Amino acid sequence: MASPDINTEDFQAAIDFLSVQENVDSEKIGILGICGFGGLALNTAAIDTRIKATVSSTMYDMSRINANGYFDENDTEEARHAQRVMLNKERTEDYKTGTYKRAGGVVDPLPEDAPFYVKDYYDYYKTPRGYHKRSLNSNLGWNVIGTMSYMNQPILTYTNEIRSAVLVIHGDKAHSCYMSRDAFRHMTENSKYTANKELMIIPGAVHTDFYDQKNIIPFDKIESFFKENLK
């Protein structure tokens with residue numbers, strides 16, 4: 001999942017920088033986001049017309065997951081209120097202590113009855129495949145209150161107004177696939193700009209496969225997509 005400290009304005013700041021470089025064609029800027037950055041990439045494409053092509057891979061909708069929980073299981077006013085109460089109490093406690101409580105990274109040791117997505121993340125962040133001593137997901141996790149603002153930020157509201165090209169990639173076995181399917185559906189519903197939008201579902205692939213599995217990541221498709229739309 002993307003860092004809660006990264007948002008659309010950070011993407012735009014990078015585009016600001018690129019747009020004034022002498023060795024960059026400012027009319028040929030594309031972006032690629034993975035996991036939480038995939039949702040933020042779509043949100044950036046919806047607001048920044050300097051972007052000509054966007055790839056979103058194994059995406060998370062950060063506002064949806066924070067407001068509704070996994071698989072929308074907490075999509076009720078009562079559940080959100082309880083979450084707000086907990087988070088605001090934590091804010092007060094953090095302010096008192098001058099520290100930030102961490103949410104904890106991937107569960108370790110892994111319970112036998114852990115949900116599939118927890119096992120998927122464990123397989124990546126807690127093994128040599130993706131573990132790093134400075135990785136928050138591998139260790140103490142992000143601040144508990146770090147993603148609180150996403151609860152009131154439906155970041156993909158205007159993606160059906162994106163005129164530039166978009167490629168959305170996901171695996172059909174990924175726990176998060178529903179977010180890409182729904183985001184693509186919203187992006188193309190009641191939109192005049194669907195001809196350059198594409199949803200690519202990879203059979204058998206899980207969420208973390210698109211982090212590092214070179215035999216699964218569709219590099220050829222990504223390359224051809226950018227070449228076609230950044231002419």
Side-chain angles (χ1 to χ4, degrees), residues 1-13 33-48 56 58-108 110-111 113-122 124-125 135-161 170 174-187 189 207-208:
M1 186 177 289
S3 162
D5 300 320
I6 301 297
N7 56 42
T8 300
E9 290 184 357
D10 294 298
F11 274 90
Q12 289 193 277
I34 300 171
C35 193
F37 291 104
L40 292 175
L42 289 182
N43 193 46
T44 306
I47 199 171
D48 201 317
S56 173
T58 198
M59 70 155 281
Y60 260 43
D61 178 341
M62 294 290 285
S63 53
R64 181 175 182 177
I65 202 74
N66 280 280
N68 300 348
Y70 282 96
F71 315 112
D72 298 326
E73 290 180 350
N74 295 322
D75 186 15
T76 67
E77 186 275 337
E78 291 81 3
R80 276 186 288 275
H81 179 72
Q83 182 76 347
R84 293 183 188 111
V85 169
M86 182 276 292
L87 289 170
N88 284 295
K89 284 183 177 178
E90 186 57 46
R91 290 185 70 93
T92 301
E93 186 62 25
D94 288 351
Y95 192 82
K96 283 181 180 179
T97 61
T99 60
Y100 290 96
K101 183 179 179 180
R102 298 290 187 85
V106 176
V107 176
D108 188 21
L110 184 68
D113 61 348
F116 170 73
Y117 70 90
V118 174
K119 294 178 180 178
D120 185 22
Y121 281 132
Y122 184 95
Y124 181 79
Y125 286 110
S135 167
L136 295 180
N137 287 328
S138 292
N139 296 289
L140 296 178
W142 305 102
N143 297 339
V144 170
I145 64 171
T147 56
M148 184 176 179
S149 63
Y150 282 118
M151 292 182 69
N152 286 349
Q153 294 180 14
I155 60 174
L156 304 183
T157 300
Y158 296 111
T159 55
N160 64 348
E161 297 178 6
H170 225 112
H175 69 277
S176 50
C177 190
Y178 72 99
M179 286 187 256
S180 275
R181 291 186 186 275
D182 289 352
F184 185 80
R185 184 181 305 112
H186 171 72
M187 184 170 56
E189 278 181 346
H207 183 87
T208 60

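Because the structure is a prediction, the values reported are computed rather than measured.
Y124 and H207 have their aromatic ring centers separated by at least 6.0 angstrom. For H175 and Y121, the gap between ring centers is short of 6.0 Å. Ring-centre distance between H170 and Y178: not below the 6.0 Å cut-off.
Between F11 and L40, the closest side-chain pair of non-hydrogen atoms falls below 4.5 Å. For the pair N143 and E90, the minimum side-chain heavy-atom distance is 4.5 Å or more.
A 6.0 Å sphere centred on OH of Y158 holds no more than 12 heavy atoms belonging to other residues, nucleotides or ligands. The number of heavy-atom neighbours closer than 6.0 Å to NZ of K101, taken from other residues, nucleotides and ligands shown, is 12 or below. Crowding of L87 atom CG: a count of heavy atoms from other residues, nucleotides or ligands under 6.0 Å exceeding 12. Around atom OH of Y100, no more than 12 heavy atoms belonging to other residues, nucleotides or ligands sit under 6.0 Å away.
Salt bridge status for R91 with D94: absent, with no side-chain N to carboxylate O gap under 4.0 Å.
For the pair H186 (side chain) and L156 (backbone), a donor-acceptor distance under 3.5 Å is present.
Among pairs with a residue in residues 74-85, those fulfilling salt bridge (charged side-chain N to carboxylate O under 4.0 Å, His left out) read D75-R80, at least two apart in sequence or across chains.
Rounded to the nearest 0.5 Å, atoms CG (N43) and OG (S56) are 11.0 Å apart.
Under the rule for a side-chain contact (heavy atoms from CB on, under 4.5 Å), the partners of Q153 that lie at least two apart in sequence or sit in another chain are S149, Y150, I155.
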